[in-house]
Amino acid sequence: MTQTLIFGLTGAALIALGFYGFVSHRHLLRQIVAFNLIGSGLFLLFGALARRAPDGTSDPVPQAMIITGIVVSFAATALAEAIAERLHDRTGRPSLPDLDPDDDD
Amino acid sequence: MIADVITVTLISIGLFFFIAGTAGFIRFPDVHSRLHALTKADNLGLGFVVLGVVAQADSGWSVLKLLLVWLLALTAAATTAQLIARFALPPGERP
Amino acid sequence: MAKSPVKRFALLFALWLVLSQGRLDGVVFGAAAAAGAAWFSAAMSSAIGPRFGLLSLLRLAPGFFWRSLVGGLDVAWRALQPRMPLNPGWTAYSCRLPGGAMRVALGGELSLMPGTLVAGSDGDRLLVHCLDIGGPVEEALRAEEDRLEAAIVP
Amino acid sequence: MTLGDAFDILLCLLILTAAAGVIGGRDLFGSVALFIVYGLLLTIAWVRLGAVDVALAEGAIGAGLTGVLLLGAAAKMDDGAGQRPSFRPGALLLCAGVAGGLGWAVVSLAQPAAGLIPLVRENLPVAGADNPVTAVLLNFRGWDTLMEAAVLLIALVGVWALSPEDSWGGRSGLTQRVRVDGVLGTFGRFLPPIGFVVGVYLVWVGTSAPGGAFQGGTVVAAVWLLAIMAGVVEPPPVASIRLRLLLMAGPAVFLATGIWGFAAGAFMAFDPAYAKPLILAVELVLALSIAATLALLVIGRPRRPQ
């Protein structure tokens, strides 16, 4: 049970941290990295909750879903990175333009 | 029991080398000197940790497998050290 | 690595046996994987001419491990000393071993030996970074190359 | 508090420190490098949680492949100007709320619960794999894994679709300038055969111990990438039919066995008598397709005309 608490709370903190990084950065690559923090935090929280069996084993079903999640999250990261890089090639900027033209960056 | 004592001793020696390597990494003045510390000390650290685990192995195959892990890590470290050292040369000196 | 495809296959299959800890129910997969890998390895190989003998290399192993232990102790001692005795510098070492696997092996070995780190080569000269440039560097490099050269089979 | 708990707490503090450094660090390259360290620390966390399969996936994909991908992107997109996260009190408050809510959920859920363990244990003898995680991935929840293979393919199609008109169908990645007899050129010939055997081993052992198609496929993808970066092999042009067949083979074989499942009663149902060889066959082909897909996702869109 202690492990569920320790790693579960860490996962919760990582999600929040990643979320804050996502909204407070403008550089697309930094946002992609923050998105990965959210993802891994979620997996950790899920994995911590999978370790509640009285005999101390880990539930294999969440484990399998987390492995799926890690791979899908990599696919999403690769696609996002390719889009960001293409934007950078075309505009020379690593971030999305602002709606308000006076408030550059 | 004897195996446990051997394991604890060897892994402690391994940890000492990891700490020494990290100290060198932090204290040494330039990239290349730091690479010395990381490559040599960390490999030795891993080597002693592997030997410590070997003392707990249940079969000859496990021993071989553990040594293989070390050998591959050794090869990778010796190679990446050369690659990083070369990349860290100032552009003018890079052949 | 060995030159003939059969030897490559044998080495890679031995790798499989070690990984699977001698389990016999997977040897078919192991043989197939080793065959595929040996084919790739033979097709990509650029090594022509002299090469290392496996047994000769094994004979070098004890000395190698001993000197890498000295190398680790040396760097650990320097790192943990309060006054940190360092006298770093560069030297260019004229290498007799041919480029490719041999020179890379020498470079990797030297990078684990006391006080030397190889940063690629410039023509036939290895660029060696030394922790103590005042020491007998040239002799140590020469001795290491001699040992490796002795492991070459024609 | 036991020694194990103390270790877990220390590990979690390290993880959180690394994550804070990833978000708060100025230097883009440093931040990405720290993200790899963070991934490796997470790998240890998964081992501590008794989830070795997840640890392998996190180490290989979460830290390794994602790290290579992001380092490559950082080298291209780093404008040298550091970025600090802007201070947003509203967002900070919201995030604190998210952390609090999730934390409360964790605390209230932290009671013994067997979950699906009894169900998995009961059905394991007919699953065709002794490793419960593989049994879930390939048999009980085979649907998810099939979809996942499809998601990988779709992401790759998306990446390819970003290529400009003139390089469509060409090779991904840039021409490598590597000396054949140099360090990288030599290592790029030495390691791939070894990595290939290790990758196949991980797939094969996955039915009875931690490992499987994703972990093994990632190792093969990694050594393929090494061979490409070392200039030993060229990345295939994306218009190549053989490449496309390789990418399709895994999902196609998986789908075919799923349809064959109708013979045993339902889509994706494995007849227990054939389950073991079927799972191994699907995993081996799937691993090769996954390896190709992952490697191509890392090297990105086509850049050179056909």
Side-chain angles (χ1 to χ4, degrees), chain A residues 1-10 12-17 19-21 23-27 29-30 32-34 36-37 40 44-45 47-54 57-61 63-68 70-72 74-79 81-86 88 94, chain D residues 5 8-9 12 15-16 19 22-23 28 31 35 42 45 49-51 53-54 57-58 61-62 65-66 69-70 73-74 76-77 79 83 85-86 88 91-92 95 98-99 102-103 106 109-110 112-117 120 132-133 136-137 141 144 148 151-152 155 158-159 162 214 297 300-301:
Chain A
M1 254 2 70
T2 341
Q3 279 204 319
T4 303
L5 276 179
I6 297 171
F7 288 102
L9 292 176
T10 305
L14 287 175
I15 296 169
L17 198 62
F19 193 42
Y20 184 74
V23 293
S24 63
H25 273 295
R26 294 302 313 274
H27 196 292
L29 219 48
R30 304 291 299 243
I32 294 172
V33 174
N36 269 285
L37 280 191
S40 50
L44 195 61
L45 196 153
L49 289 178
R51 202 164 168 72
R52 289 179 299 158
T57 51
S58 264
D59 193 339
V61 179
Q63 284 188 53
M65 294 171 83
I66 291 165
I67 292 174
T68 311
I70 288 174
V71 177
V72 169
F74 170 74
T77 304
L79 184 56
E81 188 273 323
I83 294 172
E85 208 184 299
R86 189 83 168 92
H88 182 253
Chain D
D5 292 341
D8 288 345
I9 290 171
C12 283
I15 290 174
L16 288 171
V22 169
I23 296 296
L28 175 63
S31 174
F35 176 76
L42 267 187
L49 283 168
D53 291 271
V54 183
E58 173 63 39
I61 304 172
L65 278 190
T66 311
L69 180 80
L70 291 173
K76 287 176 204 136
M77 289 173 64
D79 47 7
Q83 314 90 25
S86 51
R88 292 168 182 257
L92 203 61
C95 292
V98 168
L102 288 170
V106 168
L109 281 171
L116 294 166
I117 294 174
V120 170
V133 179
V136 174
L137 271 175
R141 299 286 307 171
D144 291 348
E148 175 189 13
V151 165
L152 272 184
V159 169
L162 289 162
F214 292 103
L297 276 173
R301 66 181 157 84

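Lettering of chains follows the sequences in order, A, B, ..., and the numbering in each one begins at 1. In this text, all values refer to a predicted model and were calculated from it rather than measured experimentally.
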Among [options], single out the residue with the greatest number of heavy-atom pairs under 4.5 Å to chain A.
options: D:A155, D:C95, D:G62; result: D:C95
options: D:S31, D:A113, D:A19; result: D:A113
options: D:L42, D:L69, D:L70, D:L152; result: D:L69
options: D:L92, D:V120, D:D144; result: D:L92
options: D:V98, D:V151, D:L16; result: D:L16

TODO: Name the option with the most non-hydrogen atom pairs under 4.5 Å to chain D; the candidates are A:V23, A:T77, A:L37.
DONE: A:L37

Task: Contact leader toward chain D among A:H27, A:Q3, A:R52, A:M65, where contacts are heavy-atom pairs under 4.5 Å - done: A:R52

Task: Heavy-atom closest pair, residues A:R30 and D:L28 - done: CD-CD1, 3.3 Å

Task: Partners meeting side chain to side chain donor-acceptor pair (under 3.5 Å) with A:T4 (sequence neighbours left out) - done: none

TODO: Against chain D, label A:L44 side chain, backbone, both or neither, depending on which of its atoms sit under 4.5 Å from a heavy atom there.
DONE: both

Task: Residue part contacting chain D, namely of A:I66, when any heavy atom lies under 4.5 Å - done: side chain

Open item on the list: Once ring-ring contact (aromatic ring centres under 6.0 Å, His included) is applied, do any residues pair with D:F35, and if so which ones, sequence neighbours excluded?
Closed with: D:Y38

Task: Under 3.5 Å donor-acceptor, D:T66 side chain and A:F74 backbone - done: no

Open item on the list: When you measure from the side chain of A:Y20 to the backbone of D:R88, do you find a donor-acceptor pair of N or O atoms at a distance under 3.5 Å?
Closed with: yes

